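None of the values given here were measured: they were computed from a predicted structure.
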Amino acid sequence: MAPKLEGTNSEATQRIWELIESDDLDALDEVLAEDVVLRIPGQEETRGIDEYKEYIRTYKEAFPDTSFEVHDMFVDGDVVVTHRDQ
């Protein structure tokens, strides 16, 4: 189980995007819950930290010049939704 972080879910989510942007995917273990679910419209759900990291690696290999800028973030309990550019 991921350690409990100080701060809010929005701060944790912002940290996740920073780690993805800096290619420090191993550090995601410190932020993500073991049962994390990534939902992207039109795609199958990605479940668990290992699948999440593999999805990000595959995406970044396919689109190496991608940069992630978060425009909006919506938080409701444990659910966080981000609207971003890629």
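- Applying the side-chain contact (heavy atoms from CB on, under 4.5 Å) test to E61 and every residue at least two apart in sequence or in another chain returns nothing.
- Taking the salt bridge (Lys or Arg N to Asp or Glu O under 4.0 Å) definition, one finds that D65 meets it with nothing, sequence neighbours left out.
- When the side chain to side chain donor-acceptor pair (under 3.5 Å) test is applied to E54, the partners found at least two apart in sequence or on another chain are T58.
- At most 12 heavy atoms of other shown residues, nucleotides or ligands fall within 6.0 angstrom of atom CG in D76.
- Taking CD1 from I56 and CG from D23, the interatomic distance works out to 10.5 Å, rounded to the nearest 0.5 Å.
- Clustering ILVMFWY residues whenever any of their side-chain heavy atoms sit less than 4.5 angstrom apart, transitively, puts I40 in the very cluster that holds L32.
- Within the structure, the ring-ring contact (aromatic ring centres under 6.0 Å, His included) test picks out the following pairs touching residues 12-31 (sequence neighbours left out): W17-F68.
- Partners of R47 by side-chain contact (heavy atoms from CB on, under 4.5 Å), not counting sequence neighbours, listed by chain and number: V37, R39, E45, E51.
- The distance from the OG1 atom of T46 to the NZ atom of K53 is 14.0 Å, given to the nearest 0.5 Å.
- Checked against salt bridge (Lys or Arg N to Asp or Glu O under 4.0 Å), E44 has no partners two or more places apart in sequence or in another chain.
- With sequence neighbours excluded, no residue forms a salt bridge (Lys or Arg N to Asp or Glu O under 4.0 Å) with D35.
- Tracing side-chain contacts under 4.5 Å through hydrophobic residues (I, L, V, M, F, W, Y), one never reaches I16 starting from V79; they form parts of separate clusters.
- Checked against ring-ring contact (aromatic ring centres under 6.0 Å, His included), F63 has the following partners two or more places apart in sequence or in another chain: Y59.
- Salt bridge present: R57 and D26 bring a charged side-chain N and a carboxylate O closer than 4.0 Å.
- V70 and D72 make their closest contact through CG1-O, 3.6 Å (heavy atoms, listed as atom of the first residue, atom of the second, distance).
- V75 pairs by the side-chain contact (heavy atoms from CB on, under 4.5 Å) definition with N9, S10, M73, V80, not counting sequence neighbours.
- Judged as a ring-ring contact (aromatic ring centres under 6.0 Å, His included), not a single pair has a partner in residues 20-46 (not counting sequence neighbours).
- Considering every non-hydrogen atom in both A33 and I49, the closest pair reads O-CG1, 3.4 Å.
- For residues 18-55, no pair satisfies ring-ring contact (aromatic ring centres under 6.0 Å, His included), with sequence neighbours left out.
- Every residue meeting the salt bridge (Lys or Arg N to Asp or Glu O under 4.0 Å) condition with E18, not counting sequence neighbours, appears here in chain and number order: R15.
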